[in-house]
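Take a look at the structure below.
We count ligands from 1, going down the list as the structure has it; atoms in each ligand are counted the same way. Just so it is clear, the structure is predicted and the values come from calculations on it, not from any experiment.
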Amino acid sequence: MDSETLSTLNNNIKNHLPVQSNGLISAPDPPKQPFVIGVAGGTASGKTTVCNMIISQLHDQRVVLVNQDSFYHSLSDDTLAQVYDYNFDHPDAFNTELLLSCMEKLKNGRAVNITNYDFQTHKRIGPGWKVNPSDIIILEGILVLHDSRVRDLMNMKIFVDADSDLRLARRIQRDTVERGRNIQNVLDQYARSVKPSFEEFILPSKKYADVIIPRGGDNNVAIDLIIQHIRAKLGQHHLCKLYPNVSVIHSTFQMRGMHTLVRDVKTTKHDFVFYADRLIRLAVEHGLGHLPFTEKQITTPTGSVYPGVVFCKRLCGVSVIRSGESMENALRACCKGIKIGKILIHGEGNNGRQLIYEKLPADISSRHVLLLDPVLASGNSAVKAINLLLSKGVVESNIIFLNLIAAPQGIHVVCKKFPKLKIVTSEIDVTLDEDLRVIPGMGEFGDRYFGTNN
Ligand SMILES: Nc1ncnc2c1ncn2[C@@H]1O[C@H](COP(=O)(O)OP(=O)(O)O)[C@@H](O)[C@H]1O
Ligand SMILES: Nc1ccn([C@@H]2O[C@H](COP(=O)(O)O)[C@@H](O)[C@H]2O)c(=O)n1
Ligand SMILES: [Mg+2]
């Protein structure tokens, strides 16, 4: 790339990002994308039944269901003449390109038109229905976990499992009643293409599932867990829309696994520290990603020019004693020689919080501050700590508040009072209990981390 192209490229990037008065470029916020759940499984395993149960129990218009059936290719008259040879369970039976483009549009906040599919005429039938972009998209169908491009759109992958004899029995019953078939048609099609394709394409896709639901719609425990998870996601989406400065680290099942260990009351101190440290490191890295940067072109050992950026240097950490101190090592590991200040606030419940101790860098007003506290509960201590930083001259928009978990109540309190500050957390919990403890939470973080609990 010549330097002119490079400079045009840099200017193009720069023109789309907020540039501060000091020339620093602010890191862009990723768009808040919907949470996509894929539900696969063999025919008549109960996919549609499970999805309908989830949707009716959620009773929330922010959830939308998209069926892979709507993307079956319509059969031409020639193919229709030999429909008994046609394999409706092969990946090629679907217009996956169209499905991908519809899902991409929905993910990017655009409405799409989706046609219905008629299992009797084997054709897509118009005019279809308008699907609005929603916070949760459930994509259901036999082969939704088969294609890696479709899988990559998903945040959660479910496989509905059911015994194959039961599936065949249900299919015979359903297809003779609802899909205009007779028993012989169903049995022939099952032996010729449904069963072989299940074994070749559908069953192997089970390995990609994050959650397997044995016994389909009869498995109320699994369905309840999924509903709880979706409710938590909906609450999170609501808060992130309300407060654009709240950033929740993208949830992966690795992260959920770490949260499961850290939150589990049975986890030993050793494991708690190990997994809390992993989560803290992620929160710190994510928080650093929100700092502004300056551009810098460098030359690589191959003689090529690389349009790089330089980290923001005027940084400091401030830990809220004691649990915030658990985050200091991760910050030091990421930012060599970083200055770290401390604040101790005392007080419980809704009664006034008191500042007991503070030790902050003398030049803190000219720095970006990473405020460290693993748990944001009521927000009372956070408000006290942030007010102290502001009284020292720190610019509100230069504060990034790093947490592992945050209660919605704490987020409301902090974001309403300090709309320019950024909160970075790895999970938003459900609520606070009457003692202002985060629920489900992880208990007294400091005690568990430093081993001072009983
Ligand atoms: N748990 C269940 N108990 C009894 N019948 C069920 C159950 N789950 C599904 N069915 C029935 O089995 C048939 C296939 O279920 P469906 O949800 O359409 O499966 P899929 O979408 O996986 O093909 C339907 O007629 C449905 O009513
Ligand atoms: N024209 C068609 C299209 C599909 N099928 C069968 O439907 C099954 C997928 O739907 P499920 O609700 O059972 O998941 C699939 O196994 C196809 O064989 C069909 O028979 N005719
Ligand atoms: Mg179905």
- prompt: At a 4.0 Å threshold, what atoms of ligand 2 neighbour a non-hydrogen atom of Gln189?
  reply: 18 (O), 19 (C), 20 (O)
field: Subset of ligand 2 atoms that lie under 4.0 Å from at least one heavy atom of Arg174
entry: 11 (P), 12 (O), 13 (O)
- request: Start with the C-alpha distance between His412 and Tyr243, add both sets of side-chain angles, then the distance that settles ring pair (Phe, Tyr, Trp, His ring centres under 6.0 Å), and finish with yes or no.
  value: CA-CA 8 Å; His412 284 298; Tyr243 306 116; 5.5 Å; yes
Side-chain ion pair, Glu444 and Arg448, N-O less than 4.0 Å: no
field: Closest protein heavy atom (residue, atom, distance) for atom 26 (C) of ligand 1
entry: Thr49 OG1, 3.9 Å
message: Tell me the nearest of Glu178, Arg179, Lys47 to atom 10 (O) of ligand 2, using heavy-atom distances.
response: Arg179
message: Lys241 vs Asp135, test: salt bridge (Lys or Arg N to Asp or Glu O under 4.0 Å). Steps then yes/no.
response: CA-CA 10 Å; Lys241 273 188 183 161; Asp135 291 341; 2.8 Å; yes
- prompt: Backbone, side chain, both or neither: what part of Asp89 comes under 4.0 angstrom of ligand 2, heavy atoms only?
  reply: side chain
- line: Of all protein heavy atoms, the one nearest atom 9 (C) of ligand 2 is Tyr72 OH, 3.9 Å
message: Taking distance alone, with N or O pairs closer than 3.5 Å, would you say Glu178 contacts ligand 1?
response: no
message: With a cutoff of 4.0 Å, is Gly216 in contact with ligand 1, counting heavy atoms of the residue only?
response: no
field: Close N or O approach (Arg215, ligand 1; < 3.5 Å)
entry: no
message: If you measure every N or O of Thr48 against every N or O of ligand 2, does any of those distances drop under 3.5 Å?
response: no
query: Do the side chains of Cys102 and Leu99 get nearer than 4.5 Å, heavy atoms only?
result: no
message: I want to check something: taking the side chain as every heavy atom from C-beta on, are Val66 and Ile138 in contact at a cut-off of under 4.5 Å?
response: no
field: Ring-ring centroid check His229 Phe35, cutoff 6.0 Å
entry: yes
- request: Do me a favour and list the nearest non-hydrogen protein atom to atom 25 (O) of ligand 1 with residue, atom name and distance?
  value: Arg174 CB, 3.6 Å
query: Can you find a heavy atom in the side chain of Ser197 that is under 4.5 Å from one in the side chain of Phe88?
result: no
query: What residue and heavy atom of the protein are closest to atom 19 (O) of ligand 1, and at what distance?
result: Gly46 N, 3.2 Å
Residue Arg437 excluded, over 12 heavy atoms near CZ under 6.0 Å: no
query: Can you tell me which residue and heavy atom of the protein come closest to atom 20 (O) of ligand 2, and the distance to 0.1 Å?
result: Arg181 NH1, 2.9 Å
message: With heavy-atom distances below 4.0 Å as the criterion, list the atoms of ligand 1 near Ala44.
response: 14 (C), 19 (O), 20 (P), 22 (O), 23 (O)
query: For atom 6 (C) of ligand 2, which protein heavy atom lies nearest, and how many Å away is it?
result: Arg171 NH2, 3.5 Å
- prompt: When you measure from atom 13 (O) of ligand 2 to every protein heavy atom, which one gives the shortest distance, and what is it?
  reply: Thr43 OG1, 2.6 Å
query: Under 4.0 angstrom from ligand 2, any heavy atom of Tyr117?
result: yes
Salt bridge flag under 4.0 Å for residues Asp210 and Arg256: no
task: Establish, yes or no, whether a centroid distance under 6.0 Å links the rings of Tyr117 and His122.
output: no
- prompt: To which protein heavy atom is atom 21 (O) of ligand 1 closest, and what is the distance rounded to 0.1 Å?
  reply: Thr48 OG1, 2.6 Å
Subset of ligand 2 atoms that lie under 4.0 Å from at least one heavy atom of Ile142: 14 (O), 15 (C)
task: If the plane angle is over 60° it's perpendicular, under 30° parallel, otherwise tilted; pick one for Phe94 and Tyr72.
output: parallel
- prompt: Sub-3.5 Å donor-acceptor pair from the side chain of Asn219 to the main-chain atoms of Ile213, do we have one?
  reply: no
- request: Show which atoms of ligand 2 fall inside a sub-4.0 Å distance from at least one heavy-atom site of Ala44.
  value: 13 (O)
message: For atom 1 (N) of ligand 1, what's the nearest protein heavy-atom neighbour? Residue, atom name and distance, please.
response: Asp218 OD1, 2.9 Å
query: From the Mg ion (ligand 3) out to just under 2.8 Å, does an N/O/S atom of Asn67 turn up?
result: no
message: What verdict does the side-chain contact (heavy atoms from CB on, under 4.5 Å) test give for Val194 and Arg171, after you've listed the backbone C-alpha separation in whole Å, the side-chain angles of each residue and the deciding distance to 0.1 Å?
response: CA-CA 11 Å; Val194 178; Arg171 174 142 172 166; 3.7 Å; yes
- prompt: If you measure from atom 13 (C) of ligand 1 to every heavy atom of Glu140, Arg170, Lys47, which option wins on shortest distance?
  reply: Arg170
query: Hey, does Gly42 sit under 4.0 Å from ligand 1 if you only count heavy atoms?
result: yes
- prompt: For ligand 2, does Ala93 get within less than 4.0 Å through its side chain, its backbone, both, or neither, judged by non-hydrogen atoms?
  reply: neither
Within 45° cone and under 6.0 Å: Arg263 NZ/CZ vs Tyr275 ring: no
- prompt: Under the side-chain hydrogen bond (donor to acceptor under 3.5 Å, both in side chains) criterion, do Thr431 and Gln409 qualify, and how do the steps go?
  reply: CA-CA 7 Å; Thr431 190; Gln409 291 89 334; 2.9 Å; yes
query: For the residue pair Phe450 and Phe272, is the inter-centroid distance of their aromatic rings smaller than 6.0 Å?
result: no
message: Which residue and atom name correspond to the protein heavy atom nearest atom 3 (C) of ligand 2, and how close is it?
response: Phe88 CD2, 3.4 Å
- prompt: What are the atoms of ligand 2, with element, lying closer than 4.0 Å to any heavy atom of Val194?
  reply: 18 (O)
